[in-house]
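Sequence lines set the chain letters: A, B, ... in the order given, protein chains first and strands last, and positions in each chain run from 1. Worth knowing before you read on, the calculation uses all heavy atoms, side chains too, and leaves out hydrogens, waters and symmetry mates.
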Protein chains: 2
Amino acid sequence: MDKYSLILENIKRHIKLTQDEERNFISLLKPIAIKRKEWLLEAGEICKYSCFVTNGCLRGYTIDTNGFEHVLSFAPKNWWIADMYSLISQKPGTIYIQALESTEVQALSKTAQERLYIEIPAFERFFRIITENSLVSFQQRLLDNLSLPAEERYQNFCKRYHGLTDILPAKQVASYIGVTPEFLSKMKHKLLYNSR
Amino acid sequence: MDKYSLILENIKRHIKLTQDEERNFISLLKPIAIKRKEWLLEAGEICKYSCFVTNGCLRGYTIDTNGFEHVLSFAPKNWWIADMYSLISQKPGTIYIQALESTEVQALSKTAQERLYIEIPAFERFFRIITENSLVSFQQRLLDNLSLPAEERYQNFCKRYHGLTDILPAKQVASYIGVTPEFLSKMKHKLLYNSR
DNA sequence: TATATTTCTTAACATACATTAAGTATAATA
DNA sequence: TATTATACTTAATGTATGTTAAGAAATATA
């Protein structure tokens, strides 16, 4: 049962579960492996799972009408990810979820999640809390985009996602903070050059 | 009990309550009136309430280091508003919540809200659902800011907040979509001029 | 109603960031 | 290891949007 310790610890940060509840929960999970550059979900599909990353790293992104990608979120180990719009509405979504490296998730289907809310009400609390936290960080990110120049958004990203910056291709970071790879490159040069 | 019908209807869109539960819930509410241009909450304070607007309109905004305001959200009648970061963490927040016109809210204190989660677990579900919906719209707004030119963001705003555009000062709309009032003015002129 | 504030508009000028293009480095895969 | 694809950098040029300033319109307050 060691392979479930990461997800159980993640959940126990907010709620307590009995052994029975743990077993019940675990029985609902479905492991999915995604190879580097393959997709867990594509735009146009209906999102059927809340996914918890146990290994590797995913990125959620959209493609705009001009063919440009925009990164909505990264999901490294120990993070949850889904196309929330599609998951809630069960309509075709707009988000691609792709593996940046070979990745494993534990997938909780929408129907399983809803059963969980009824059988173990504490899960309602758990998902309320992680949704609240997610909301707060998206609000902050929006305000950063409205109020900060790209250079400060980059520095904030490096602080908040410390470690991730080393793993991610720079162009993904650029897309996340909302600049072109060329401009990010220029900023990095400037930051290096000016700091000595 | 008619003055509570708006908030009860709002809640019943997602959960069912018994008459006893309704009465229990209502007993926790505290009405607050805010005059035009006055604040329900200021940056630096700790947010103690989730507020439901029964009349009027509020705006939530930050002030950046250069003194510029950035609108995070509008809350007209029938909407909930809070400084989520501060409400969750109970640390000093960064959001000002100001009345755009004379406004009345029903305020649910954080302690009351937590009591509610325990006494009436359906409220856990209610706030999970409205938080999920809020998350989806902030994600979409962020992606719009990353991918759309200001003109399309303005048009989206007009569609999504139809009616609000007529009530709000243009400078507030400009701040919400992330442009200066001068530039919004130019866009409006262009849209008028080009559409005939 | 008159006066003072605030908001809106217009226009000239400034700038942060995008685009294009080409070369270089890095990493994936045979 | 060799080869190929992908990612990164640099630089010239372009553009969406910001800034400043001043007058006009709308709104609040005396």
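- The phosphate of D:dC8 (OP1 or OP2) has no side-chain N or O of A:Ser185 nearer than 4.0 angstrom.
- Atom pair B:Leu168:CG and C:dT7:P shows a separation of 12 Å (rounding to whole Å applied).
- Listed candidates were D:dC8, D:dT17, C:dA18. Nearest to the side chain of A:Ala170 is D:dC8.
- The CG atom of B:Leu146 sits 18 Å away from the P atom of D:dA16 (whole-angstrom rounding).
- Placement of B:Leu116 and B:Met84 in two distinct hydrophobic clusters is found when ILVMFWY residues are connected by side-chain heavy-atom separations under 4.5 Å, directly or transitively.
- Annotation: side chain of A:Tyr161 is not in contact with side chain of A:Ile167 (no heavy-atom distance under 4.5 Å).
- Taking the side chain of A:Phe183 as heavy atoms from C-beta on, and the options C:dT9, C:dC17, D:dG18, the nearest nucleotide is C:dC17.
- Between C:dC17, C:dT7, D:dA7, one nucleotide has an atom nearer to the side chain of A:Lys37 than all others, and that is D:dA7.
- Residues B:Lys186 and A:Lys188 both approach DNA chain D. Their nearest nucleotides, taken by heavy-atom distance, put A:Lys188 toward the 5′ side.
- For B:Thr165 (side chain) and B:His162 (main-chain N/O), no donor-acceptor pair under 3.5 Å exists by modelled atom type.
- In this structure, CD of A:Gln172 is placed 13 Å from C1' of D:dC8, rounded to the nearest angstrom.
- Taking only side-chain atoms of A:Glu182, from C-beta outward, the nucleotide of C:dC17, C:dT9, D:dT10 with the closest atom is D:dT10.
- As a whole-Å value, the separation of A:Glu69 CD from D:dT6 P is 12 Å.
- A straight line from CD of B:Glu101 to C1' of D:dA28 spans 15 Å, rounded to a whole angstrom.
- Residue A:Pro169 has its side chain nearest to D:dC8 when only C:dT7, D:dG18, D:dC8 are considered.
- Atom CG of A:Leu72 and atom CD of B:Gln140 lie 9.0 Å apart (nearest 0.5 Å).
- Mapping B:Arg36 and B:Ala150 onto DNA chain D via the closest heavy atom, the residue that lands nearer the 5' end is B:Ala150.
- Taking atom CZ on A:Arg153 and atom C1' on C:dA16, their separation rounds to 10 Å, with Å as the unit.
- Atom CG of A:Leu184 is separated from atom P of D:dT9 by 8 Å (rounded to the nearest Å).
- Rounded to an integer number of Å, the gap from NZ of B:Lys171 to P of D:dT27 is 15 Å.
- For the pair A:Arg141 and A:Tyr176, the cation-pi test (distance below 6.0 Å, angle within 45°) is passed.
- Phosphate proximity of C:dT10 to B:His189: present, with a side-chain N or O under 4.0 Å from OP1 or OP2.
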